[in-house]
Amino acid sequence: MTVKGPVPAEKMGISLIHEHILVDFIGADSINIKRWEKSKVIERSLPYLRQLKALGCQTLVECTPAYLGRDPLLLKSLSDSSGLNIMTNTGYYGAGNDKFIPNNGLTETADQLAKSWIAEWEKGIDGTGIKPGFIKIGVDNGSLSEMHKRLIIAAAKTHLKTGLEIVSHTGPAIPAFEQLSILKKEGVSPDAFIWVHAQVEENPNNHIKAAQLGAWISFDGINDNNVKEYVKLIKNMKENNLLNKVLISHDAGWYDPGKVNGGEYRGYSAIFEKLIPLLREEHFSEIEIKQLMVINPATAFEIKIRKIGQS
Ligand SMILES: [Zn+2]
């Protein structure tokens, strides 16, 4: 589901699964869509999106959650101008000690949270008619707090109604496995879950373990200077026959309304210009590269309810 409506998963093409156009870290108590001028953000970001299109990319998954600068109309306008498919999301981001969760969200039950996220899927976001293409949540580094347990339970309930993939800002293995065990209790298959920022986890055996359960492993902080480390992470998955569970992206962008002219904007080209050539040198086949860039994103983001024992 893109900001312009449904696109068949097999037509997503080359995809970047974790990027940003705009992020505002001011906090849920002060965020306001008037803090940025759409025309300025477009002027700043569009050249990078056009460059990405020229590199062969067709779909960009925009991971900025609500209360952190999610702006579906901005994304739609950028999709129109760049020719890229762009996806947005529903859900709440709890990482950062709940600074980005609105007050009412802090006291709601998992059922109430799920109800408002499902409503965005059914009716569109904030009266725009634009629907989310996935669920984005975020949890802090250690063992899950009660609030963050509610977020993953709400994500599970939303998934079972909508078939939207759960994309969770997670980092280390401890909260990753805790979320997977909650999903299990809720009857949701691990392949409905993307372990975001998995590169932060230092023990690569945990990547293997989670992927063997069926979870998606997202190595998503690629830039011009760290591609070698990422090749190592990806090779480890390949050697364990788990390349079919790997997602890669830059976590790049973005316009920051808190900074002059949006601050520094990081482009989305390192995977195409640095990482893929290096994978070829390391004897990755074209089929394996297609697996990473086309097949895995389409499989992960396809709208499909994934219950335990059925996928
Ligand atoms: Zn991100």
Side-chain angles (χ1 to χ4, degrees), residues 3 15-28 31 36 41 44-45 48-49 52 57 59-72 74-75 78 84-101 132-141 148 151-152 155 164-172 175-176 179 193-201 215-227 229-230 233 246-259 262-271 275 292 296-297 300-301:
V3 292
S15 301
L16 291 180
I17 54 85
H18 191 119
E19 307 294 344
H20 298 276
I21 304 290
L22 179 143
V23 187
D24 189 352
F25 290 104
I26 188 92
I31 192 123
W36 55 91
V41 184
R44 199 73 210 287
S45 57
Y48 293 99
L49 296 177
L52 186 53
C57 182
T59 300
L60 180 140
V61 178
E62 216 274 352
C63 284
T64 302
Y67 301 94
L68 267 155
R70 180 186 64 166
D71 185 340
L74 168 71
L75 300 184
L78 284 167
L84 285 169
N85 298 318
I86 300 182
M87 289 160 62
T88 188
N89 61 84
T90 188
Y92 290 157
Y93 181 94
N97 280 320
D98 303 333
K99 183 183 174 196
F100 305 105
I101 299 181
F134 59 104
I135 303 157
K136 173 80 188 277
I137 60 169
V139 299
D140 280 317
N141 284 345
H148 297 178
L151 290 179
I152 185 69
L164 293 172
E165 185 75 4
I166 301 165
V167 176
S168 179
H169 168 110
T170 295
Q179 289 175 94
F193 181 80
I194 301 180
W195 175 1
V196 173
H197 309 324
Q199 69 273 9
V200 169
E201 168 55 32
W216 293 96
I217 312 301
S218 180
F219 298 134
D220 47 32
I222 298 169
N223 65 48
D224 284 343
N225 305 314
N226 65 13
V227 282
E229 294 155 44
Y230 278 82
L233 291 167
V246 178
L247 297 165
I248 60 172
S249 211
H250 305 97
D251 198 10
W254 53 72
Y255 189 99
D256 181 345
K259 294 183 178 156
E264 247 176 72
Y265 202 107
R266 195 155 64 82
Y268 315 98
S269 61
I271 286 178
L275 183 87
L292 290 171
N296 291 350
F301 286 92

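Numbering of ligands and ligand atoms starts at 1, following listing order. Please read these numbers as outputs of a predicted model, since none were measured by experiment.
- Scanning all heavy atoms of the two residues, the minimum distance from Val167 to Ile194 falls at CG2-CD1, 3.8 Å.
- The atom name of the N/O/S atom in His20 closest to the Zn ion (ligand 1) is NE2.
- A donor-acceptor pair shorter than 3.5 Å can be found between the side chains of His20 and Asp251.
- Between Ser45 atom OG and Leu78 atom CG the span is 4.5 Å, to the nearest 0.5 Å.
- Paired with Thr170 under the rule side-chain hydrogen bond (donor to acceptor under 3.5 Å, both in side chains), one option of Glu201, His197, His148, Gln179 passes, and it is Gln179.
- Under 2.8 Å from the Zn ion (ligand 1) lies an N/O/S atom of Asp251, whether from backbone or side chain.
- The closest approach of His18 to the Zn ion (ligand 1), by N/O/S atoms, is made by NE2.
- Ring centers of Tyr265 and Tyr48: under 6.0 Å apart, within the cut-off.
- Put simply, His169 stays out of reach of the Zn ion (ligand 1), with no N, O or S atom under 2.8 Å from it.
- Coordination check, His197 versus the Zn ion (ligand 1): failed, since every N/O/S atom of the residue sits at 2.8 Å or beyond.
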